[in-house]
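Below is one structure; the comments refer to it alone.
What's counted below: heavy atoms across the whole structure, side chains too, no hydrogens, waters or symmetry copies. Remember, it's a predicted structure, so these values are computed and weren't measured experimentally. To find a chain, count down the sequence lines: A is the first, B the second, and so on, and within it residues start at 1.
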Amino acid sequence: MAVQPKKREMPVQDAKLRARNFMEVALGYSEEDAVIEAQRCLNCKNRPCIEGCPVKVLIPDFINKIKEHDFEGAYSVISKSSALPAVCGRVCPQETQCESKCTLGIKFEPVAIGRLERFVADYHNKHFNGEPTLLKSNGKKVAVIGSGPSGLTCAGDLAKKGYKVTVFEALHVAGGVLVYGIPEFRLPKEIVSKEVETLKKYGVEIETNVVVGKTVTIDELFESGYNAVYIASGAGLPRFMGIKGESLKGVYSANEFLTRANLMKAYKDDAHTPIMKAKNVAVVGGGNVAMDAARTALRLGADNVYIIYRRSMNELPARKEEVEHALEEGVKFEVLRNPVEIMGYNNQDDKRDAKNGFVTGINIIKCELGEPDEKGRRRPVEIEGSEYILPVDCVIMAIGTSPNPLINKTTKGLNVNSHGCIIADESTGKTSKNGVFAGGDAVTGAATVILAMGAGKSAAEAIDEYLNNKRRIG
Amino acid sequence: MFKIVNKQKLNSTVTMMDIHAPLVAKKAEAGQFIILRVDADGERIPLTVAGFDRNAGTVKIIFQIVGATTMRLNEKHEGEFIEDFVGPLGCATHTEGIKKVCIVGGGVGCAIALPVAQKFHSIGCEVHSIIGFRNKELVILKDEFSACSDKLTVMTDDGSYGAKGLVTEPLKEALDAGENYDEVIAIGPLVMMKFVVATAKPFDVPTTVSMNPIMIDGTGMCGGCRLTVGGKTKFACVDGPDFNGFEVDFDEAAARANAYADFERREREECCNLFKKELK
């Protein structure tokens, strides 16, 4: 049988329709879709896709199970490596990871590994009612700080090895960036809570409303009987550009805008947390977070949403799929543009004018690409005298974050680098403090869900090894 | 869930509650704040710690009923529970090296000023307190301030209690008279803090203000609580809430504080109507 050159299409909500609702964009494969796509896998000898996966899912094995219609079997394969398959299947940048290594991809489109993973996870979540088989506890306690993708992965892996794991979460709900950052239409909250419930079945305890560094310190966790600690507190404070007008009303960090919309459900009419429902919105930045913010603004009813990015379409750091979805939905890309100032309303004659202090526009300057920088990306160079004002009533800054200072301020012996990121060994997550491991954005600065999961996974192995050695010596 | 172990009405718009939150009570210090949600789907609001009992595991909050969330909170009775209560957040008020301090509290801000005054008093510092209210009916915590202050001045706008006038007047008199405060600490409405700073500045007395901007997570993630301090962007939740009053851009803070005025009014009205309906 000749190989199908293209991936089986993913059914999606119509772009016009979905740009105005918060329901999931991609609808997922049917069983038939999944089996047909699985048959495209050549089952090649080298299995390069596994190398492309930060958590090393045995990809060809689960695809083979799909071919045999054994969807639960496929799930068992994935869940051995990934604590959050339904999440990964949705938000991983497969095109630069597993799928980029796929042998089929040399000549044709690679196998749609991400879509298949999502199918398997959704199938399991829909059909499986049983209880997981629990391992006997080994009596060792591990504290995980942060319930985002890195923390949950580490917690899940350790629980499956027999550790008693407690995850401490600062917010009122578990999930970290999966619930406050990534929007409902890309990752429904129900999916996240299902994955969290699964982890709880493995014995993972989740303590919300605990800010480690404030409510308890890491040293106190050790004193209260934890044998090791994994810090996965995520990225922290949003960055601003330092330009004039950033404190005007209507200027948000992407974190604030998305937190209001996602975590606090401000998109719902009866929500108690407000969000500005602006008509014209400028989002500054070109990453996945910028795309999420732009598409959320559209769904909140904006007529025009602009992405303002200082390089060209080719350099956008966001996933290709996210950019395509944004374009289809009507987000406008003002590329090779850099903000100079945010303009605000100021009625000199009437200081009490209710419109005073609200955003009216953003002054942006055109750029061209110059010489490559140290990372090899061509540097944007501003073209003198090319400024113009884009009339907007909301500006969202999506230009990254700097690490949260709460933990390192209160933890003696934990070293951080000049950016404030925790210094941790890349392959084990080991920090300068004995028994303390770290990973995810708290170490790397803002990155992707799957990289954070990869770090959680390696840390779980390293913690297991550390505690085993300790037991032998002690 | 966090139990309300004690509820007391301080005046017609201000309520005090003791919340059972042992982890928070164990760590709380004067000047820090907590974030709470009254019920599921509620908004997260910051309230400054008004006291704590480490043995009983309770944290005292005092709030003015100004918006929909504080209305809902005020509807809760003793023995009932609130959904979320997290903290202590922010940095504690600095007390090192201070021998003589003037604490200036305005309105419900006095609730936050009280534990600060008590803290200074407990470490042997000379405490002068000036507390101001609109009128007699709104005066709160007078006896408590009296107990921890070497000198207490109560002011009301209309003169119905204590002396008539603004809190800045006795402060200026004291400074004019040569009171050598190591620090002035102002806690109250933005406009009051702005003028306390303006009063103390000519005397070059370091003045700390406690900022209470709009917040969501309160843990250094969303950036909603940003302020301009000394020309730099600062975050009240992790860098504050106390800041050097000489450096705070009060006008900007005041403008940002009413960003959701419209929404809040609608919510409040809706909330009032709801309670009216429930009464029928």
Side-chain angles (χ1 to χ4, degrees), chain A residues 169-173 176-177 180-181 207-211 213-217 220 233-240 242 246-260 263-266 268 270-277 344 354 356-358 397 401-406 409, chain B residues 2 21 23-24 26-27 32 35-44 67-69 72 83-91 214-228 232-233 235 237-239 249 251-264 266-267 270-271:
Chain A
E169 168 57 46
L171 292 172
H172 55 263
V173 55
V177 73
Y180 75 73
E207 295 259 3
T208 53
N209 293 320
V210 178
V211 185
K214 287 285 173 190
T215 318
V216 288
T217 63
E220 287 167 333
S233 52
L237 292 163
R239 287 211 188 102
F240 289 90
E246 280 183 314
S247 293
L248 289 165
K249 290 177 273 186
V251 182
Y252 288 105
S253 73
N255 270 7
E256 180 183 357
F257 186 74
L258 291 171
T259 300
R260 284 178 184 272
L263 178 72
M264 306 312 294
K265 306 184 179 103
K268 290 185 178 168
D270 58 353
H272 300 307
T273 299
I275 196 163
M276 227 160 258
K277 289 182 180 157
N356 278 344
F358 279 93
M397 289 290 173
T401 56
S402 20
N404 190 308
L406 292 187
K409 259 191 187 173
Chain B
F2 298 82
L23 287 178
V24 185
K26 199 173 150 196
K27 284 295 176 64
Q32 291 187 296
I35 293 246
L36 64 79
R37 281 199 322 155
V38 179
D39 32 41
D41 286 341
E43 69 172 336
R44 294 171 67 94
T69 299
R72 288 190 185 94
E83 189 78 19
D84 299 293
F85 193 89
V86 57
L89 300 164
C91 307
I214 294 172
M215 284 187 190
I216 309 173
D217 65 297
T219 63
M221 190 268 283
C222 83
C225 65
R226 66 188 184 276
L227 305 158
T228 305
K232 292 202 177 92
T233 298
F235 300 97
C237 68
V238 291
D239 300 320
D249 184 336
D251 295 338
E252 179 190 285
R256 286 182 60 79
N258 69 16
Y260 298 98
D262 261 4
F263 179 92
E264 282 159 8
R266 278 200 310 276
E267 271 272 292
E270 227 169 76
C271 201

Closest heavy-atom pair and its distance - [X], [Y]:
X	Y	value
A:Asn209	B:Glu83	ND2-O, 4.5 Å
B:Tyr260	A:Glu256	OH-OE2, 4.2 Å
A:Lys409	B:Cys91	NZ-SG, 4.3 Å
B:Cys222	A:Asn255	CA-CB, 3.9 Å
B:Thr219	A:Asn404	O-ND2, 2.7 Å
B:Ile214	A:Arg260	CG2-NH2, 3.6 Å

Tell me, side chain or backbone of [X] under 4.5 Å from chain B's heavy atoms, or both, or neither?
X	result
A:Leu406	side chain
A:Lys214	both
A:Met397	neither
A:Leu258	neither

Could you check if a side-chain atom of B:Arg37 sits within less than 4.5 angstrom of a side-chain atom of A:Met264, using non-hydrogen atoms only?
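Side-chain contact under 4.5 Å: yes.
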Can you tell me which portion of B:Thr228 sits under 4.5 Å from chain A's heavy atoms? Options are side chain, backbone, both or neither.
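Only the side chain of B:Thr228 comes within 4.5 Å of chain A.
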Give, as side chain, backbone, both or neither, the part of B:Ile216 having an atom under 4.5 angstrom from any heavy atom of chain A.
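The side chain, not the backbone.
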Who passes side chain to side chain contact (heavy atoms under 4.5 Å, CB included) against A:Leu263, sequence neighbours left out?
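For A:Leu263 the side chain to side chain contact (heavy atoms under 4.5 Å, CB included) partners, ignoring immediate neighbours, are A:Leu171, A:His172, A:Val173, A:Val179, A:Tyr180, A:Thr259.
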With sequence neighbours excluded, tell me which residues meet side chain to side chain contact (heavy atoms under 4.5 Å, CB included) with A:Thr217.
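Result, side chain to side chain contact (heavy atoms under 4.5 Å, CB included) vs A:Thr217: A:Asp219, A:Glu220, A:Thr410, B:Lys27.
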Are more than 12 heavy atoms from other residues, nucleotides or ligands located less than 6.0 Å from atom NZ of A:Lys277?
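Correct, the count exceeds 12.
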Taking A:Ser247, A:Gly236, A:Ala170 one by one, which has the highest count of heavy-atom pairs under 4.5 Å against chain B?
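Looking at each option in turn, the highest pair count goes to A:Ser247.
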Max heavy-atom pair count under 4.5 Å with chain B, selected residue of A:Pro238, A:Pro274, A:Gly357:
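Between A:Pro238, A:Pro274, A:Gly357, the count favours A:Pro274.
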Atom pair CE (B:Met221) and OG (A:Ser253), whose distance is rounded to the nearest 0.5 Å
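Nearest 0.5 Å value for the CE-OG distance: 8.5 Å.
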So how far is it from B:Thr69 OG1 to A:His272 NE2, rounded to the nearest 0.5 Å?
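Answer for the OG1-NE2 pair, B:Thr69 versus A:His272, is 7.5 Å.
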Only pairs of heavy atoms separated by less than 4.5 Å count here; which of B:Gly90, B:Cys237, B:Gly218, B:Ala261 has the most with chain A?
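Among B:Gly90, B:Cys237, B:Gly218, B:Ala261, the one with the most close pairs to chain A is B:Gly90.
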So which of B:Glu43, B:Glu252, B:Lys26, B:Lys232 has the biggest tally of heavy-atom pairs under 4.5 Å with chain A?
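If we count pairs closer than 4.5 Å to chain A, B:Glu43 comes out on top.
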Backbone N/O of A:Phe240 and side chain of B:Arg226: donor-acceptor pair under 3.5 Å
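It does not hold such a pair.
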